[in-house]
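Notes follow once the structure below has been shown.
Just so you know, ligand 1 is whichever comes first in the structure, and atom 1 is the first atom listed for that ligand.
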Amino acid sequence: MIPKTHPRYESLLLRDKVKNAFKEGYLADSGMIAHGRGETFDYLIGEKTTETAKEACRAAVATIFLAENPVLSVNGNTTALAIDEIIELAKATDSKIEINLFYRTEERVEIISRMFKERGWDNILGGNDEKLEYIDNLNSPRATASKEGSYTADVMLVPLEDGDRAEVLVQNGKKIIAIDLNPLSRTAKMSTITIVDNVVRCVPLMTEIALEFKKEGKDKDKEFLESIVADFSNEENLKKSLAAIKLE
Ligand code: PTJ
């Protein structure tokens, strides 16, 4: 039990989620290392969403609204930290959700599928029962792709991945939105839009932006959405994210 008065309460709470997910069998052991890496970068950006990340979130939401077949990809860490938030984002943006694991096992896929179904999200793609396709030029289990999901998706959200998939997906003509606290990572550099922020903060922010656009009737305003996308440069955004890292 973590006391609420602990100065690192929020951070310890996230650690607990990750530890419990590992104990429950759906988080990869390496997922705990990935989380530690993320913690370090989060600490360095001040554990808050920067203005730079907010810009990336707006561009990401605009890109999703412009898409024909947007897919939110989830792995063990994303499920552990932000399952409810991902479902809310999928609802707000009419996106599909697909399980994609680097350390894919039937058991992990089964648990994650069940967790989504328990929350009322029945059409979880990438499951054990589905006949999956494989993305070419990707030599890891992350190549698995649902036909109605990532195989045919034009826009994909890929939170918390290391660099073997984003690049290949971009080469396949997809627009890739990465969520990665490390602005220097291969995924961050290779993606179309990279949100340098913690998945627990930026996914709800994306939902908020999506609902705001909808309220103003801008979710279908192609000109408006395209102008947001046109004004965004991933390279520039990553430079600003790097500058936000304070070493003293
Ligand atoms: O569930 P699986 O089998 O697909 O497991 C995949 C992991 C997460 C183990 C795999 O993708 C991996 O090894 O990832 P990395 O390269 O260790 O971590 C991916 C990136 O996510 C790193 O650059 C981290 O800084 C970043 N990261 C970690 N935690 C967060 C994060 N980014 C945003 N929010 C976080 N909470």
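Among D164, I99, N198, V18, the residue whose heavy atom sits closest to atom 36 (N) of ligand 1 is N198. The closest non-hydrogen atom to atom 28 (C) of ligand 1, taken over A188, S185, A34, A28, comes from A34.
Neither L169 nor I177 shares a network with the other; the hydrophobic side chains, linked directly or stepwise wherever heavy atoms of I, L, V, M, F, W or Y lie under 4.5 Å apart, form separate groups for each.
Among the atoms of R37, some N or O lies under 3.5 angstrom from an N or O of ligand 1. Residue L181 places at least one N or O, backbone or side chain, under 3.5 Å from an N or O of ligand 1.
Nearest to atom 12 (C) of ligand 1 among the protein's heavy atoms is D162 OD2, 3.9 Å. Nearest to atom 34 (N) of ligand 1 among the protein's heavy atoms is V199 N, 3.0 Å. Closest protein heavy atom to atom 24 (C) of ligand 1: D180 OD1, 3.8 Å. Of all protein heavy atoms, the one lying nearest to atom 27 (N) of ligand 1 is L160 CD2, 3.6 Å.
If you look at R142 next to ligand 1, the close heavy atoms, those under 4.0 Å, all belong to the side chain. Residue contacts with ligand 1 for R108 involve side-chain atoms from C-beta outward but no N, CA, C or O (heavy atoms, distance under 4.0 Å). Residue D42 does not touch ligand 1, judged by heavy-atom distances below 4.0 Å.
Checking D180 against S185 by side-chain atom types alone, a donor-acceptor pair falls below 3.5 Å. For the residue pair S150/E98, the side-chain donor-acceptor check at 3.5 Å is satisfied.
Between the CD atom of E24 and the CE atom of M115 there is a distance of 6.5 Å, given to the nearest 0.5 Å. The line from CG of L181 to CZ of R37 is 11.0 Å long, rounded to the nearest 0.5 Å.
Between Y151 and Y134, the ring center distance fails the sub-6.0 Å criterion.
Within the structure, ligand 1 has L81 among the residues with a heavy atom less than 4.0 angstrom away.
For the pair E223 and K218, the salt-bridge criterion is not met [side-chain N within less than 4.0 Å of a carboxylate O].
Distance check for atom 20 (C) of ligand 1: a protein heavy atom is found below 4.0 Å.
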